[in-house]
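Okay, structure first, notes after.
Index from 1, following the sequence.
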Amino acid sequence: MGAEEALEFLDNLVFLTTGEHLDKTQRIILRHLWEDEKRTYQDIANSRGYTEAHLKAVGAELWHLLSKVLGEKVSKSTFQSVVQGFKTTQQSQKIPHIPNLVTYGTKPQDLDSNFVGRDRQIADLHTLVSRGAKVILIQGEGGVGKTTLARKYFKTQKFNFVLELWMATEIQNLTPVESVVEEWLRRYFNEEPGCDFGISLERLRRKLREQTSKIGVFIDNLETALDKNGKILESRRPYVELLRLLADQDVHSVTLVTSRERLRESSVEVHLYPLEGLDDQAWRQFFSRRHINCDSTILSEMCKACGGNAKAMQILRGAILTDFSGDIHAYWQENCTNLLIERELKDLVASQFTRLQENDLEAYRLLCRLGCYRYQDITSLPIEGVLCLLWDVPEQKCRGVIKALQDLSLIEAKKGQYWLHPVIRDEAISRLRLISEEWDLVNRKAAEFWTQRVAAVKNITDALTALEAYYHYVEISNFEQAGDVILQGRGEQWSIEPIWDLVYREIKSIFYYLCTQAV
């Protein structure tokens, strides 16, 4: 049994037991160890860009899962022999082959401990379907849990079978949709494809209309096939025809599509379902299942910093278990100021920045520039604070650039206020600092915005707002203008005692900084 056959066999076993497929990291571990059981976690980490600690944490849970699935103790060194023995026993006892076409009418054991906090979203999807939605696009940032939600929906709603299309992460590796339709016809409907794509589509349409069973269609990571305007790439336009077929009200199927970006094809009726991060209650539930002492304050801080991102939650859990023996207090004390220290989390965030840079340079520049704001004493910005960073973009395009970041869930917006989650801000500011001229100019623009924002200081909030300009000037070592921010008259109310206490602390910090520089 080769590595791919073994992976398919195990994936089906796990799915029948848990209702969940093996994830990407689990498959990487299994494939590498099947090919060479003497490989270490460090070897795999070096070749695939992971940390050894994370792979050890994933591996420990994987062997525990496979032990339950196979009914025998499984470890890193024994799993290959156990799997082969299980397969041999199955064949000798003439147990029916486990099909790839999984029926969802069974009641698998509930080992799905990774799924938390999405009951409302499952109900929302069910409501959309009951109202006639045929194609639903689950859209959200990378790692927020789109794929997990889609899989869980198909499982809980007891679909008879699901046609799956996994989109490649690189454009050049995208499978032609003609091949996908041919595979579906042959594999699931015992139907030969037509001599051209149009005929194959019609045969698929007929099959989907004739079916009386519940059929799901799952298209994962559609963003690879989209251009910056949300259109299917010119070289992949046949995908539009497939989506139009799936949106046909007469077909007996429900299609869930996941994407980091929105689909904007006017000829396809798609219902958009934006997916937000998990709340801190879901994080507490997830960590408690791993027997990690859940300090509510720390978990709330971690959840907020990561925007509730489900993948970030799993990455942090692995690091806490492996590197800090489950001590969440110690982990957060050491790493709260370095949110992207975990390699996988940094790669997750960086991948979104890189794709944006490739597809929409103006939106990318704005995202990096927004990293200059602190989001601390003043936690969000009015629209003017965002627009002032678009000085090199035509006025009529500015709102569209901001909207592009909102659509990608890279900037948060509520009631006219905008902000970045800390992990996004950390990546943004690190990229912005690489260009010294840009760093200087962006901070000047931000300082000017805050200065103009407050005409008179009437309360502590006004004072804190006005002082934001000071921090920007200090960042670019312009101490003269930083001092002017503090000394500038802002009306009679400026002299109230709490304001001067604040100013006094800031003057001391400048003095200390200058002294250390002199030394």
Side-chain angles (χ1 to χ4, degrees), residues 100-102 104 122 124-140 146-147 149-155 157-168 174-191 193-194 196-227 230-233 235-275:
N100 289 320
L101 185 56
V102 181
Y104 286 75
I122 292 288
D124 289 344
L125 293 176
H126 179 68
T127 299
L128 285 173
V129 171
S130 65
R131 292 175 179 172
K134 288 296 182 181
V135 179
I136 301 172
L137 177 71
I138 304 173
Q139 185 260 329
K146 303 181 294 295
T147 300
L149 175 62
R151 286 174 171 172
K152 192 69 173 182
Y153 175 79
F154 286 129
K155 173 187 172 184
Q157 302 305 307
K158 295 180 172 59
F159 280 74
N160 295 93
F161 60 90
V162 177
L163 313 178
E164 294 186 344
L165 170 56
W166 302 85
M167 307 292 285
L174 284 174
T175 303
V177 72
E178 295 89 340
S179 300
V180 174
V181 172
E182 289 179 9
E183 169 71 8
W184 285 354
L185 285 171
R186 289 193 175 108
R187 184 176 182 182
Y188 298 111
F189 301 107
N190 195 28
E191 178 87 8
D196 64 38
F197 184 52
I199 295 175
S200 295
L201 278 180
E202 284 306 312
R203 290 180 180 177
L204 178 60
R205 188 194 307 273
R206 186 179 68 251
K207 287 295 182 180
L208 292 178
R209 284 177 172 176
E210 291 173 352
Q211 291 292 319
T212 56
S213 53
K214 292 180 69 174
I215 303 172
V217 180
F218 181 31
I219 302 176
D220 197 40
N221 295 327
L222 183 67
E223 69 269 7
T224 309
L226 302 180
D227 64 20
K231 302 279 190 183
I232 298 291
L233 295 167
S235 60
R236 292 292 184 267
R237 295 303 292 174
Y239 274 98
V240 177
E241 298 307 315
L242 174 60
L243 290 170
R244 288 182 60 202
L245 182 157
L246 296 173
D248 183 346
Q249 287 298 310
D250 292 329
V251 299
H252 297 154
S253 64
V254 172
T255 300
L256 296 184
V257 183
T258 67
S259 178
R260 296 185 182 186
E261 302 162 20
R262 294 189 182 183
L263 174 68
R264 301 182 185 278
E265 288 285 352
S266 59
S267 64
V268 181
E269 184 178 358
V270 175
H271 295 260
L272 178 66
Y273 187 77
L275 185 62

Criterion side chain to side chain contact (heavy atoms under 4.5 Å, CB included) against Tyr273, the qualifying member of Thr258, Leu128, Leu137: Leu128
Heavy-atom closest contact (Ala168 atom, Thr224 atom, distance): O-OG1, 2.7 Å
Worked verdict on Val240 versus Val268 for side chain to side chain contact (heavy atoms under 4.5 Å, CB included): CA-CA 7 Å; Val240 177; Val268 181; 4.0 Å; yes
Test log, rule side chain to side chain contact (heavy atoms under 4.5 Å, CB included), inputs Tyr239 and Glu265: CA-CA 11 Å; Tyr239 274 98; Glu265 288 285 352; over 6 Å; no
Salt bridge present between Lys134 and Glu269 (N-O < 4.0 angstrom): no
Short side-chain to backbone donor-acceptor contact, Lys214 and Gln157, under 3.5 Å: yes
Any Phe218 side-chain heavy atom under 4.5 Å of Thr255 side chain: no
Contact check, side chains of Leu272 and Gln139, non-hydrogen atoms, under 4.5 Å: yes
Backbone N/O of Trp166 and side chain of Asp220: donor-acceptor pair under 3.5 Å: no
Candidate pair Val129 and Tyr153, rule side chain to side chain contact (heavy atoms under 4.5 Å, CB included), full reasoning: CA-CA 11 Å; Val129 171; Tyr153 175 79; 3.3 Å; yes
Point-to-point distance, once rounded to the nearest 0.5 Å, from CE of Met167 to CG of Leu222: 5.5 Å
Main-chain N/O of Arg260 paired with Glu223 side-chain donor or acceptor, under 3.5 Å: yes
Validation row: Pro193, Arg203 side chains within 4.5 angstrom (heavy atoms): no
Reported CG-to-NZ distance for the pair Leu185 and Lys207, which is rounded to 0.5 angstrom: 8.5 Å
Side chain to side chain, Ile122 and Leu149, heavy atoms closer than 4.5 Å: yes
Parallel, tilted or perpendicular: ring planes of Phe161 versus Phe189, cut at 30 and 60 degrees: perpendicular
Non-hydrogen side-chain atoms of Leu242 and Trp184 separated by less than 4.5 Å: yes
Heavy-atom side-chain proximity of Ile219 to Leu256 below 4.5 angstrom: no
Heavy-atom closest contact (Thr175 atom, Ser179 atom, distance): CG2-CB, 4.1 Å
Carboxylate-amine/guanidinium contact Asp248 Arg205, below 4.0 Å: yes
Least distance between heavy atoms, Ser253 atom then Leu208 atom: OG-CD1, 4.2 Å
Pairs flagged by ring pair (Phe, Tyr, Trp, His ring centres under 6.0 Å) wherever residues 249-271 is involved - sequence neighbours left out: none
Contact summary for Ile232 and Arg237, nearest pair of heavy atoms: O-NH1, 2.9 Å
Inter-residue atom distance Glu202.CD - Leu204.CG, 0.5 Å rounding: 9.5 Å
Any Leu263 side-chain heavy atom under 4.5 Å of Val257 side chain: no
Results of salt bridge (Lys or Arg N to Asp or Glu O under 4.0 Å) for Glu178 - residues two or more places apart only: none
Closest non-hydrogen atom pair between Leu226 and Ser259, with its separation: CD1-OG, 3.9 Å
Pair Arg206 + Glu191: basic N to acidic O under 4.0 Å: yes
Presence of salt bridge, Arg187 and Glu182, under 4.0 angstrom: no
Asp196 atom CG: more than 12 heavy-atom contacts under 6.0 Å: yes
Nearest heavy atoms of Val177 and Pro238, plus distance in Å: CG1-CB, 3.2 Å
Side-chain touch Tyr188/Leu163, heavy atoms, less than 4.5 angstrom: yes
Gly140 backbone acceptor or donor facing Lys146 side chain under 3.5 Å: yes
